[in-house]
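Structure record follows, encoded as structure tokens.
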There are 2 protein chains.
Amino acid sequence: MNQILVVDDDQELRTTLVEVLEQEGLQAVAARSADDALERLQLETFDLILLDLVMPGTDGMTAIPLIRRQAPRTRIIIMTAYASVQNAVQSLQQGADDYIVKPFKIDGLMLTVRLNLQKARFCEETEAVDLDKIFNGLANSLRRQTLQLLSRQGQMRFMDLVRALEIEDHTKVNFHLKTLREAGFIDQTSDKLYQLTTNGQRAATCLSYICKSLEASAQARPSIVP
Amino acid sequence: MNQILVVDDDQELRTTLVEVLEQEGLQAVAARSADDALERLQLETFDLILLDLVMPGTDGMTAIPLIRRQAPRTRIIIMTAYASVQNAVQSLQQGADDYIVKPFKIDGLMLTVRLNLQKARFCEETEAVDLDKIFNGLANSLRRQTLQLLSRQGQMRFMDLVRALEIEDHTKVNFHLKTLREAGFIDQTSDKLYQLTTNGQRAATCLSYICKSLEASAQARPSIVP
DNA sequence: TGACCTTGTGAAGAAAACTTCACAGGGGAG
DNA sequence: CTCCCCTGTGAAGTTTTCTTCACAAGGTCA
């Protein structure tokens, strides 16, 4: 069951939102201020918070990082009547996940809420399963090289791969290819060519992200060459 | 020297921006379209990209993830005349770093540019680490959770960490903390509080990169919501 | 003081990851 | 057909990583 917290100083809107959310089969409670919300967060956890930006006391913008600190995985959706691009940008930079402008249609709100709940669910799942796979795939240098090679070359034959990697014992490569195949990163065409799967491409992308960032920082501070 | 890329289909604005930036002592070049920019990115790297959202051909919004892929550490600032909250939110969700509304004052632009360059420099000033270390650090789910926790909380005491991770055997946590410490990802303050080192922060950043890219792919294929 | 919590260390064993070796079927060249 | 290369499997052994357990110094609170 999804637990939602509505934070708004407007009592009418607060109760309306809770009602609407409950009609949609979601569990919702309300808080009248950011401080109220923060107190509540100490007692229970929420999947999603609908947060008004303009409120007496601690305002929404200030509250975002405080909430994030208490509840790192909760999705935070900002609602505000005084929408500006600057506000939107700033609140996302502070750690909010989404932004919706008042007045909104119920359908629009529900779409946003549903979408964010779904993302949260996905994050939870991937945290447990996929990341282990990805990092296990990337933890080995030979496997990293393989992914990079396949990413660049597209498709490769087994022995070409072995030679490109400069490994004498081909069965060693075979072992790691098996690991990659079991992790769902590579597969083989009907004529035995190895290639990346979608997940493999994703892993390779992660890898290049990281390589590039290391490269960039190495470049930034050149060492003295003898 | 900071390398800046200006991407806009308006020729006049393009040259003006390049001139202004160069007057301020920054190196700037221009591209007339997103495709043009992407081609350029294959040849050289930039510290910052000023990207128009509305352009013929590939539009700015579409370009953001493509640029991110090529240049993960480059700051992307969106410029647009057709500013809307929704656009701002979406572009930041796609991976942009900041958002500025046309027409802008030169001072306002320069402030944004300077601020973002400064942030970028801050991110960069870390020494190169080898990939094996990073991936070894990230290969274990407990260590990942630890990095994320420390990244969010800043500093934590040992037992608080153990309880947050929900591990009964504290020596198990101790083992992994030792691993992380030996990998240079965490250290301890004089009063025994654990905290991330610079390299640890980088590893945590890598981790969040990957989580975000997974999240983005979740968004790409929304499933049916009950 | 005694009970209890915090913050460790080190050793032993279990589990996982990795390497090496022996072998084998299929296909092409001479 | 014979030789040799490509592509693989499986077992055995090695190394690394992870977990568990026993224990202990120091601090706190009653």
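Here is how names work: the chains are called A, B, and so on, in the same order as the sequence lines, proteins then strands, and each is numbered from 1.
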Checking all strands, does [X] fall into the base, sugar-phosphate, or nothing category for heavy-atom contacts under 4.0 angstrom?
X      : value
A/K192 : sugar-phosphate
A/Q188 : sugar-phosphate
A/T179 : nothing
A/H170 : base

Tell me whether the OP1 or OP2 atom of [N] has a side-chain N or O from [X] closer than 4.0 Å.
X      : N      : value
B/Y194 : C/dT6  : no
B/N174 : C/dT7  : no
A/R143 : C/dA17 : no

Note to self: Side chains of B/D59 and B/T62, heavy atoms from C-beta outward: is any pair under 4.5 Å?
What the structure shows: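 The answer is yes, as the side chains (C-beta and beyond) meet within the 4.5 Å cut-off.
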
Next item on the list: With a 4.0 Å heavy-atom cut-off, tell me which residues in residues 154-163 of chain A come close to DNA chain D, sorted by residue number.
Entry: A/R157, A/F158, A/M159, A/R163

[atom1] of [X] versus [atom2] of [N]: gap in Å, rounded?
X      : N      : atom1 : atom2 : answer
A/L142 : C/dC18 : CG    : P     : 10 Å
A/D169 : D/dT14 : CG    : C1'   : 15 Å
A/K172 : D/dT15 : NZ    : P     : 13 Å
A/L180 : C/dA17 : CG    : P     : 13 Å
B/D191 : D/dG26 : CG    : C1'   : 16 Å
B/F175 : D/dC21 : CZ    : C1'   : 15 Å
A/N136 : D/dT17 : CG    : C1'   : 12 Å
A/E182 : D/dG10 : CD    : P     : 11 Å

Notebook entry, point to check: Aromatic rings B/F135 and A/F135: how do their planes relate, parallel, tilted or perpendicular, breaks at 30° and 60°?
Noted result: tilted

Notebook entry, point to check: In terms of the angle between their ring planes, are A/H170 and A/F158 parallel, tilted or perpendicular, with boundaries placed at 30° and 60°?
Noted result: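 Judged by the thresholds at 30° and 60°, the geometry between A/H170 and A/F158 is perpendicular.
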
Next item on the list: With sequence neighbours excluded, tell me which residues meet side chain to side chain contact (heavy atoms under 4.5 Å, CB included) with A/E166.
Entry: none

Item checked: Given DNA chain D, 5'-ward residue of the pair B/A139 and B/T171, judged by closest heavy atom ->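 Counting from the 5' end, the first nearest nucleotide belongs to B/A139.
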
Note to self: Tell me which one of A/R181, A/Q195, A/Q155 satisfies side chain to side chain donor-acceptor pair (under 3.5 Å) with A/Q188.
What the structure shows: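 Among the candidates, only A/R181 passes.
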
Notebook entry, point to check: Between A/D52 and A/K102, does at least one N-O distance fall below 4.0 Å, as a salt bridge requires?
Noted result: yes

Note to self: What verdict does the side chain to side chain donor-acceptor pair (under 3.5 Å) test give for A/D97 and A/N116, after you've listed the backbone C-alpha separation in whole Å, the side-chain angles of each residue and the deciding distance to 0.1 Å?
What the structure shows: CA-CA 8 Å; A/D97 295 291; A/N116 276 279; over 6 Å; no

